[in-house]
Number of protein chains: 2
Amino acid sequence: MVLRSKESAGRPAGKTARPPVKERLLHVATRLFARHGFESTSVQDIVDAAGVTKGAMYHYYGSKDDLLYEVYHQVLTMQTSHLDQIAAGPGTAEERLRLAAADVVRTSLDNLDDMIVFFRSLHMLPEDKQTQVRAERRAYQEKFKALVDEGVAAGTFRADISSDIVVHYFLSVVNQLGSWFKPDGSLSPGQVGDLFTELLIGGLAVR
Amino acid sequence: MVLRSKESAGRPAGKTARPPVKERLLHVATRLFARHGFESTSVQDIVDAAGVTKGAMYHYYGSKDDLLYEVYHQVLTMQTSHLDQIAAGPGTAEERLRLAAADVVRTSLDNLDDMIVFFRSLHMLPEDKQTQVRAERRAYQEKFKALVDEGVAAGTFRADISSDIVVHYFLSVVNQLGSWFKPDGSLSPGQVGDLFTELLIGGLAVR
DNA sequence: GGCGTCATACCGTCCGGTCGGTCTTAAATT
DNA sequence: AATTTAAGACCGACCGGACGGTATGACGCC
């Protein structure tokens, strides 16, 4: 039996200060799902990477699917809260849409692993959780769409393109970020957000 | 043992006129991959749906991965050939870019299952085939980028947004089509192509 | 009689999930 | 203060079954 330094479970005592097991599991799982895919990542892989055993994982999460669901839920919750704040803030419709677009790009790039897992493995979720995620997602889209509609009503944006299509259009761009963006590239998340925002607004503007 | 009506393998004889086994396997595999995901679709599922047995499948394809690779290869080959034709055709850079954009959207929507599989399961391919697919894909992107650059050089498109970013931007939209488009919706593939093209060109236009 | 085209039976592996048990910590009881 | 009880946190061996792939051979056609 090995002597284990007594890092009490409650608060970090060692210099590493590793987060509690539950969060650690979710974090390494996200990373592994993003790198190798959900189905190619075994529960054993996850617990090994987290430095625990299966018993620990099934203590905190009901199944492997649960882990996956948490990823979606966290990202969506954060981005929805951001959007709510921006939409309710000051500024014209265009100004707020600019902020919203730049923000969703930036936060997505800041959580690339989550996005990769998100758009790649949604269909692996059991039907009920999948439905729930889609509902949350739909809610986000609706708020985004409302911003576009505002701009159309104000005469800032062209009215001959359905706002539904616009939302699908731009959120597609966001969802695909994980497939090409490299964090060590020449562009920062913020810069990409600004450029994409320009392209969106340009496409929407009346000529 | 069941008597099977003698539909000779060579040419269709029955009224159903089912395509030969090899094509049928690829077709049903694509469909199943799109519906349930690559990893959740067993080889047994595929051969059952095709009305044959494993022996037949492993006679025509070396592995399950081979089947997946064929999907990518076919779509990419077709779209690249389309793009080549358009790029070499007549018209200004903007006109040809419009044609190219509308075409890639329309052909993608006409082969939705392939697109769904494409963007969702690329990472399941073995490293070598994955590299090859990426190369073909990169080639397509380069040709698309060349069109954008042409327009920039001609002064039609704004020069302050890197054409690389523009390509990523628009092809993201294309790659995500499978995640929201419903063939029985109110918009036809051609209409979606036109609208997306408008949004793209609008974003690129100098003001 | 050789070759292409499939059918059938089978194998080895891997994986999600279970389950009884142990250790630690905190509250309750004496 | 000492002892018991309860509960959470985590361990790790194990199971049942599914799944990709193979080996062998039958059947027809040139």
Side-chain angles (χ1 to χ4, degrees), chain A residues 1-14 18-29 32-33 36-70 121 123-127 129, chain B residues 1-14 18-29 32-33 35-70 121 124-127 129:
Chain A
M1 179 186 298
V2 196
L3 262 273
R4 258 206 302 170
S5 70
K6 189 176 90 183
E7 349 177 76
S8 91
R11 300 294 155 215
R18 295 204 296 179
V21 173
K22 187 174 178 182
E23 277 77 16
R24 220 164 63 219
L25 277 167
L26 183 59
H27 185 253
V28 301
L32 290 174
F33 290 162
H36 316 297
F38 177 73
E39 304 263 13
S40 303
T41 303
S42 71
V43 172
Q44 195 61 49
D45 291 339
I46 299 172
V47 297
D48 284 351
V52 294
T53 63
K54 278 198 193 181
M57 200 216 108
Y58 280 95
H59 176 70
Y60 290 110
Y61 299 95
S63 66
K64 195 185 166 189
D65 295 322
D66 261 27
L67 233 21
L68 187 56
Y69 174 76
E70 281 302 317
S121 310
H123 65 289
M124 304 285 189
L125 278 180
E127 204 59 45
K129 304 214 163 171
Chain B
M1 179 186 299
V2 196
L3 263 270
R4 257 205 306 169
S5 71
K6 188 177 92 185
E7 350 176 76
S8 93
R11 299 294 156 213
R18 296 205 294 179
V21 173
K22 187 175 178 182
E23 278 77 17
R24 218 164 65 218
L25 278 167
L26 183 57
H27 184 253
V28 301
L32 290 175
F33 291 162
R35 304 272 177 278
H36 316 298
F38 177 72
E39 304 264 12
S40 303
T41 304
S42 71
V43 172
Q44 195 60 50
D45 291 338
I46 298 171
V47 297
D48 284 352
V52 293
T53 63
K54 280 198 198 178
M57 199 214 108
Y58 279 97
H59 175 69
Y60 290 110
Y61 299 95
S63 65
K64 194 186 169 190
D65 295 322
D66 261 27
L67 233 21
L68 187 57
Y69 174 75
E70 281 302 316
S121 310
M124 304 286 189
L125 278 180
E127 203 59 44
K129 304 214 163 173

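Protein chains get the first letters and strands the later ones, always in sequence-line order, with residue 1 at the start of each. As a basis for the values below, the full set of heavy atoms in this structure was taken, side chains included, without hydrogen atoms, waters or symmetry mates.
Minimum heavy-atom separation, Y69(B) to L125(B): N-CD2, 4.0 Å. In plain terms, the two heavy atoms of L25(B) and A50(B) that are nearest each other are CD2-CB, 3.8 Å.
Contacts of T53(A) with the nucleic acid, taken as non-hydrogen atoms under 4.0 Å apart, include base atoms. Among the heavy atoms of the strands lying under 4.0 Å from T41(B) are primed sugar atoms or P, OP1, OP2 only; no base atom is included.
At the phosphate of dG12(D), neither OP1 nor OP2 sits under 4.0 Å from any side-chain N or O atom of K54(A). Residue H59(A) places none of its side-chain N or O atoms closer than 4.0 Å to OP1 or OP2 of dC10(D).
Heavy-atom contacts from other residues, nucleotides or ligands closer than 6.0 Å to NZ of K129(B) number more than 12.
At whole-Å resolution of the value, CG in L68(B) and C1' in dG20(D) are 15 Å apart. Atom CG in D48(B) sits about 14 Å away from atom P in dA18(D), given to the nearest Å. Taking atom OH of Y60(B) as the reference point, atom P of dG21(D) lies 19 Å away to the nearest angstrom. Remark: P of dC10(C) and OH of Y58(B) are 19 Å apart, rounded to the nearest angstrom. Distance, L25(B) CG to dG20(D) C1': 15 Å, rounded to whole Å. Atom CG in D45(A) sits about 7 Å away from atom P in dC15(C), given to the nearest Å. For the pair Q44(B) CD and dG20(D) P, the computed distance is 9 Å after rounding to whole Å. When the P atom of dC19(D) is taken as reference, atom CD of E39(A) falls 11 Å away, rounded to whole Å.
Each of V21(A) and S40(B) was assigned the nucleotide of DNA chain D with the nearest heavy atom; the assignment lying further toward the 5' end belongs to V21(A). The residue among M57(A) and M57(B) whose nearest nucleotide of DNA chain C lies closer to the 5′ end is M57(B). Each of G55(B) and K64(B) was assigned the nucleotide of DNA chain D with the nearest heavy atom; the assignment lying further toward the 5' end belongs to K64(B).
Checked against dG17(C), dC11(D), dG20(D), the side chain of S63(A) finds its nearest nucleotide in dG17(C). Here dC11(D) is the nucleotide among dC11(D), dG20(D), dA7(C) with the atom lying nearest to any side-chain atom of V52(A).
Remark: K64(A) fails to qualify as a cation-pi partner of F33(A) under the 6.0 Å distance and 45° angle criteria applied to the six-membered ring.
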Does V21(B) form a side-chain contact (heavy atoms from CB on, under 4.5 Å) with H59(B)? I'd like the steps, not just the answer.
CA-CA 10 Å; V21(B) 173; H59(B) 175 69; over 6 Å; no
